[in-house]
Amino acid sequence: MKDDNKNYVKHIISFVIVSIVGLLILNAFIMSALSKTQIKETNYSFFLNQVEAGRVTQVKVESDEIRFEVKDEDGHKQLYSTGKMDDPELVSRLYEKGDIIFTESFKQNSLLISFLVNWILPIIIFMVLWNLLFKGMSKHLGGNALSFGKSNAKIYVKAQTGKTFEDVAGQDEAKEALEEIVDFLHNPNKYADIGADLPKGALLVGPPGTGKTLLAQAVAGEANVPFFSISGSEFVEMFVGMGAAKVRDLFKQANTKAPCIVFIDEIDTIGKKRDGSLGGNDEREQTLNQLLTEMDGFDGKKGVVILAATNRPESLDPALLRPGRFDRRIPAELPDLAGRIAILKVHAKKVKTEDNIDYNAIARATAGASGAELANIINEAALRAVRSGRSLVNQSDLEESVEVVIAGYQRKNAVISQKEKEIIAYHEIGHALVAAKQKDAAPVHKITIIPRTSGALGYTMQVDEDEKFLMTKEEALARIATLTGGRSAEELIFNSCTSGASNDIEQATKLARAMVTRFGMSDGFDMIALETITNQYLGGDASLACSPETAAKIDEEVNAIVKNAHEKAAQILSDNIEKLHELAKFLLEKETITGEEFMEILNKKETLAIE
Ligand code: ADP
Ligand code: MG
Ligand code: ZN
């Protein structure tokens with residue numbers, strides 16, 4: 001926020017400078033241009049000629065110049081000035097002409113013009129500049145600096161979002177809860193008869209890309225009532241009080257349209273906990289206060305339902321979550337296997353596919369992927385089909401795009417030396433072999449040493465047979481051993497190690513740490529929570545909740561777990577060193593091998609041993 005304030009000041013200073021400079025330049029130009037058209041300089045004989053011709057209507061004789069107005073045949077008036085000559089007869093000559101007026105000044109005309117030039121024009125210029133600048137500025141700030149307190153909630157009615165609950169695959173619990181709200185808005189009497197109050201607000205929470213916004217759009221599609229949609233960031237305004245005014249305006253609109261639904265996306269932007277610190281964000285707090293007041297203020301029976309979505313529910317102000325406000329929480333979790341299959345199918349309907357697609361296989365390979373990622377996988381597959389000149393998406397497109405989404409595109413022309421390729425092959429087979437030789441590890445699905453744009457030089461994909469919701473201690477240990485398998489193979493074969501294991505190390509440490517601090521799976525500690533997860537839907541950062549001495553002990557435990565696993569992996573590999581050589585050679589040759597090919601070689605009877 002501090003940075004934003006600095007930006008405001010910077011913007012305002014540059015705005016003032018630009019407008020002053022702009023004004024000066026424009027004024028100089030326009031004033032001189034205008035005054036030129038106003039009074040033309042001419043010579044004395046022209047003056048005399050015009051007097052003779054009777055076209056001069058007014059004259060003002062000053063000490064060193066004569067100003068006069070000429071009216072030509074079309075009635076067009078023009079002011080002239082000329083130098084003064086020593087011409088004592090002039091006045092009497094002019095007088096003879098009769099209808100020439102001797103005037104003090106040319107007030108009528110010049111006053112109006114100079115008023116325009118001096119007062120109105122600068123104001124107009126100023127306003128134009130102001131407008132332009134603020135438009136640019138509000139783009140920077142994401143707010144609408146000029147729409148003072150006007151809500152720009154979009155109103156959706158049925159046809160406009162075009163989304164219905166059919167477009168949302170999985171998320172059955174969320175859909176059920178939302179269907180109830182839609183039903184209430186359709187027949188409020190059914191609920192009123194029994195005396196039930198509908199929740200005023202429902203909060204959709206879940207990780208990014210799980211379809212929260214999509215669900216709200218589907219509600220709009222289903223509801224058949226006006227649907228106001230606004231993003232939390234649209235309340236964030238430049239000036240204190242503007243956001244609050246917007247909230248007021250939004251609810252005023254909603255009240256007149258009741259029954260209706262108001263949807264506030266990314267509500268954490270305005271709904272963050274108010275903290276006691278001085279100089280907090282006044283604007284945001286006022287906006288939040290206004291929202292709280294409005295939610296209390298309207299009549300629940302009238303049928304205004306407020307939906308909101310966030311992926312940081314823990315950061316929301318408790319006042320927002322109390323009964324009578326967002327008292328209902330609708331989780332939109334990452335999809336399970338069935339959910340992933342359903343989502344893949346929903347999105348696959350939009351592209352042309354071959355008939356025999358095995359969505360189950362794709363879904364199994366994408367444990368932990370969100371709906372948005374799955375949608376992306378389908379799209380990547382379609383793009384790949386187009387690139388290779390086919391008109392239908394096939395299974396291999398989908399499989400490749402899973403890898404693209406997980407690990408990035410293939411770096412086809414990366415030049416890797418033979419020696420390094422060999423190391424990478426042994427590393428990957430190390431992972432795969434350790435996995436295959438432990439009964440608690442997931443089966444190997446694919447091994448590749450084609451580098452990816454994510455920086456991975458190769459990887460081993462493991463896919464569980466079934467959806468797993470729990471992880472046993474044995475599985476966790478097997479996983480860590482598998483992760484250390486790559487490095488172990490390098491050590492065993494090349495007697496040295498490379499930087500290629502950094503990602504493995506990171507993952508192994510994370511898992512081992514979680515075992516100690518959160519899962520109670522270590523020998524040294526009992527069921528003690530030593531870490532708490534702070535934002536579960538966004539990466540899940542852990543924060544320590546223990547003394548420094550304990551922290552040191554945690555590190556020891558983590559190290560012990562990883563060390564054990566590493567030793568175990570090294571043992572497995574040296575027990576199977578022939579297979580390691582054979583598989584690595586095979587991988588080096590083929591670059592990509594499937595789980596079946598891998599298992600076939602692994603389970604092949606040692607021909608040498610029989611002979
Ligand atoms: P968020 O939860 O971050 O608001 P969105 O609703 O914006 O996520 O989802 C992004 C995209 O992901 C959607 O437009 C849709 O294509 C896809 N998607 C996510 N969840 C689902 C789902 N359950 N069914 C179908 N598509 C989904
Ligand atoms: Mg969203
Ligand atoms: Zn590795």
Side-chain angles (χ1 to χ4, degrees), residues 161-175 178 203-220 229-233 263-269 307-313 330-336 338-351 369-379 405 407 423-435 447-449 455-462 479-491 497-508 537-538 566 569:
T161 65
K163 297 268 196 290
T164 65
F165 282 140
E166 296 210 334
D167 293 301
V168 190
Q171 305 296 6
D172 294 326
E173 303 79 12
K175 276 198 275 190
L178 291 169
L203 188 65
L204 288 157
V205 299
T210 45
K212 298 182 293 297
T213 308
L214 184 68
L215 273 165
Q217 288 171 343
V219 170
S229 159
I230 189 163
S231 164
S233 61
F263 174 55
I264 306 175
D265 207 353
E266 314 290 351
I267 195 173
D268 46 288
T269 344
L307 295 181
T310 180
N311 33 39
R312 311 182 52 192
I330 303 177
E333 294 293 345
L334 289 174
D336 57 9
R340 289 198 298 276
I341 296 175
I343 293 172
L344 285 170
K345 284 186 175 161
V346 161
H347 287 277
K349 269 193 213 135
K350 297 177 202 154
V351 300
S370 68
E373 279 165 323
L374 294 170
N376 190 17
I377 284 172
I378 298 283
N379 192 50
V405 171
I423 296 175
I424 296 165
Y426 273 102
H427 179 107
E428 295 308 329
I429 294 295
H431 285 307
L433 206 51
V434 173
I447 312 165
T448 170
I449 52 167
L457 294 170
Y459 59 86
T460 305
M461 219 168 134
Q462 284 172 272
R479 171 114 194 93
I480 296 174
T482 304
L483 284 166
T484 57
R487 165 64 62 88
S488 305
E490 292 176 28
E491 286 165 342
C497 49
T498 67
S499 60
S502 61
N503 186 273
D504 302 334
I505 291 172
E506 205 178 302
Q507 285 189 47
Y537 293 127
L538 297 171
H566 193 166

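Along the sequence shown, residues carry numbers from 1. Please read all numbers here as calculations on a predicted model, not as lab measurements. For ligands, and for the atoms within them, numbers begin at 1 and follow the listed sequence.
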#### Entry: Options V205, V346, D167, ranked by nearest heavy atom to atom 25 (C) of ligand 1, top entry
D167

### Message
Side chains of K350 and I378, heavy atoms from C-beta outward: is any pair under 4.5 Å?
### Response
no

### Task
Output the distance between atom OG1 (T210) and atom CG (L215), rounded to the nearest 0.5 Å.
8.0 Å

### Query
Can a donor-acceptor pair be found between the side chains of T460 and E428 at a distance below 3.5 Å?
yes

### Identity and separation of the nearest protein heavy atom to atom 3 (O) of ligand 1
G209 N, 2.8 Å

### Query
If every non-hydrogen atom of N311 is compared with every non-hydrogen atom of D268, which pair is closest and at what distance?
N-OD1, 4.2 Å

### Query
What is the closest protein heavy atom to atom 14 (O) of ligand 1, and at what distance does it sit?
L214 CD1, 4.5 Å

### Task
To the nearest 0.5 Å, tell me how far Q462 CD sits from R479 CZ.
5.5 Å

### Task
For atom 18 (N) of ligand 1, find the nearest protein heavy atom and state the residue, atom name and distance (0.1 Å precision).
G371 C, 3.7 Å

### Query
To the nearest 0.5 Å, how far apart are NE2 in H427 and CG in L457?
9.0 Å

### Query
What residue and atom, counting heavy atoms only, is the protein's closest point to atom 24 (N) of ligand 1, and at what distance?
A169 N, 3.0 Å

### Task
Using a strict cut-off of 4.0 Å, indicate which atoms of ligand 1 neighbour a heavy atom of V168.
23 (N), 24 (N)

### Message
Tell me whether E266 contacts the main-chain N or O of A309 through its side chain, where contact means a donor paired with an acceptor under 3.5 Å.
### Response
no

### Query
Is there a nitrogen or oxygen of G170 sitting under 3.5 Å from a nitrogen or oxygen of ligand 1?
no

### Query
How long is the span from the CG atom in L307 to the CD1 atom in I330, to the nearest 0.5 Å?
6.5 Å

### Task
For ligand 1, indicate whether the residue T210 contacts it via side chain, backbone, both or neither (heavy-atom separation under 4.0 Å).
both

### Query
About how many Å separate NE2 of H566 and CG of L483, when rounded to the nearest 0.5 Å?
11.5 Å

### Query
Where is the nearest protein heavy atom to atom 4 (O) of ligand 1: which residue, which atom, and how far?
T213 OG1, 2.6 Å

### Message
Taking G206's backbone N and O only, do any of them form a donor-acceptor pair with K212's side chain (distance below 3.5 Å, no angle check)?
### Response
yes

### Message
Is it true that, when you exclude E506 itself, more than 12 heavy atoms of the residues, nucleotides or ligands shown sit nearer than 6.0 Å to its CD?
### Response
no

### Any H347 heavy atom less than 4.0 Å from ligand 1
yes

### Task
Show which atoms of ligand 1 fall inside a sub-4.0 Å distance from at least one heavy-atom site of Q171.
23 (N)

#### Entry: Ligand-side contact atoms (ligand 1) for residue partner G211, heavy atom cut-off under 4.0 Å
1 (P), 2 (O), 5 (P), 6 (O), 8 (O), 9 (O), 19 (C), 20 (N)

### Apex the Zn ion (ligand 3) - arms NE2 from H431 and OD2 from D504 - angle rounded to 10°
100°

#### Entry: Sub-4.0 Å heavy-atom contact, G206 with ligand 1
no

### Query
Quick check: does E428 put an N/O/S atom under 2.8 Å from the Zn ion (ligand 3)?
no

### Query
Taking the non-hydrogen atoms of P208, is any one of them nearer than 4.0 angstrom to ligand 1?
yes

### Closest approach of any protein heavy atom to atom 10 (C) of ligand 1, naming residue and atom
A372 CB, 3.9 Å

### Summary
With heavy atoms and a 4.0 Å threshold, my read on which part of K212 contacts ligand 1 is both

